[in-house]
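Take a look at the structure set out below.
Numbering of residues begins at 1 and proceeds along the displayed sequence. Please read all numbers here as calculations on a predicted model, not as lab measurements.
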Amino acid sequence: MELNYQQPIGDNFGIALNYTYATGNANNGQDLQGTSKNTANASAFFENDKFNARVSYTYRSSYFAGPDRGGFFYMQGAGYLSASFGYSINDWMSVSLDGLNLNSPKLRYYVKGDGYGIQPRSTYINGRQYYLNLQVLSDIA
């Protein structure tokens, strides 16, 4: 099931919201690999002819990542904050700055196994990522 809502606010502002609920099992009863039951996104944005900006938060609940040494490997739910800012220099050139994982989330993995319950497996902090982009359009005939 997916619910989606987008609403302009005034001339240049707006919000976008999305929620997805998914459930299912493989024929053997195992969770489907990579499927979170709950996923949600919330974004606020601004756009005009020259400038655009967006701030987004995404949450994904825990999911089955695959088999692991006699158990089953899962990733704990996590949320991610990102932002994007862009500027149109002229009709054929624009620049943007994108920031991902701005909240520097901890990614925690655990193993579920018969006879030993839930055991921590690993924790990663991938850090923040920034991208500066220059887009130049050309008219190739």
Regarding N133 and D98, is there a side-chain donor-to-acceptor distance under 3.5 Å anywhere?
yes
Would the distance check show the side chain of N12 and the main-chain N or O of E47 forming a donor-acceptor pair, the cut-off being under 3.5 Å?
yes
Between Q135 and L137, is the side chain to side chain contact (heavy atoms under 4.5 Å, CB included) condition met? List the steps.
CA-CA 7 Å; Q135 182 177 17; L137 301 175; 3.6 Å; yes
Does any pair with a residue in residues 120-136 pass salt bridge (charged side-chain N to carboxylate O under 4.0 Å, His left out), and if so which ones, sequence neighbours excluded?
D68-R121
For residues T35 and T23, determine if any side-chain heavy atom of one lies less than 4.5 Å from a side-chain heavy atom of the other.
no
Within-4.5 Å side-chain heavy-atom neighbours: I125 and S104:
yes
Report yes if some heavy atom in the side chain of Q33 is under 4.5 Å from a heavy atom in the side chain of D31; otherwise report no.
no
Would you say the side-chain atoms of N103 pair up with the backbone N or O of G79, donor to acceptor, closer than 3.5 Å?
yes
How far apart are the closest heavy atoms of K50 and N90, and which atoms are they?
NZ-N, 4.3 Å
Residue pair N25, Q30: steps toward the side chain to side chain contact (heavy atoms under 4.5 Å, CB included) verdict:
CA-CA 6 Å; N25 294 324; Q30 177 61 45; over 6 Å; no
Start with the C-alpha gap between F85 and F51, add the side-chain angles, then the distance that decides, and say whether side chain to side chain contact (heavy atoms under 4.5 Å, CB included) holds.
CA-CA 8 Å; F85 304 94; F51 183 74; 4.3 Å; yes
Mind checking the CG-OG1 spacing from N41 to T58? Nearest 0.5 Å is all I need.
4.0 Å
Shared hydrophobic cluster, L102 / L100 (ILVMFWY, side-chain heavy atoms < 4.5 Å)
no
Would you check if the side chain of S62 reaches a backbone N or O of Q76 as a donor-acceptor pair within less than 3.5 Å?
no
Heavy-atom distance under 4.5 Å between the side chains of Y74 and Y63, does that happen here?
no
Given the rule that I, L, V, M, F, W and Y join up when any side-chain heavy atoms are under 4.5 Å apart, are L17 and F13 in one cluster?
yes
Heavy-atom side-chain contact between M1 and T20 under 4.5 Å
no
In this structure, which one of Y124, F64, F72 forms a ring-ring contact (aromatic ring centres under 6.0 Å, His included) with Y109?
Y124
Answer yes if the side chains of E2 and N18 hold a donor-acceptor pair under 3.5 Å, and no otherwise.
yes
Could you walk me through whether Y87 and V95 pass the side chain to side chain contact (heavy atoms under 4.5 Å, CB included) check?
CA-CA 5 Å; Y87 179 72; V95 64; 4.1 Å; yes
I'd like to know if L97 and Y131 are part of one continuous hydrophobic network [Ile/Leu/Val/Met/Phe/Trp/Tyr, side-chain heavy atoms within less than 4.5 Å].
no
Does some side-chain heavy atom of N52 sit less than 4.5 Å from a side-chain heavy atom of F46?
no
Do L3 and I15 belong together in a cluster built from hydrophobic side chains that touch within less than 4.5 Å?
no
So do the side chains of L107 and N126 get within less than 4.5 Å of each other, counting heavy atoms only?
yes
Donor-acceptor under 3.5 Å (S94 side chain, S88 main chain)
no
Take S56 and S43 through the side-chain hydrogen bond (donor to acceptor under 3.5 Å, both in side chains) test and state the conclusion after the steps.
CA-CA 4 Å; S56 299; S43 296; 2.6 Å; yes
Test side-chain hydrogen bond (donor to acceptor under 3.5 Å, both in side chains) on S84 and R54 and set out the steps.
CA-CA 5 Å; S84 178; R54 178 177 296 268; over 6 Å; no
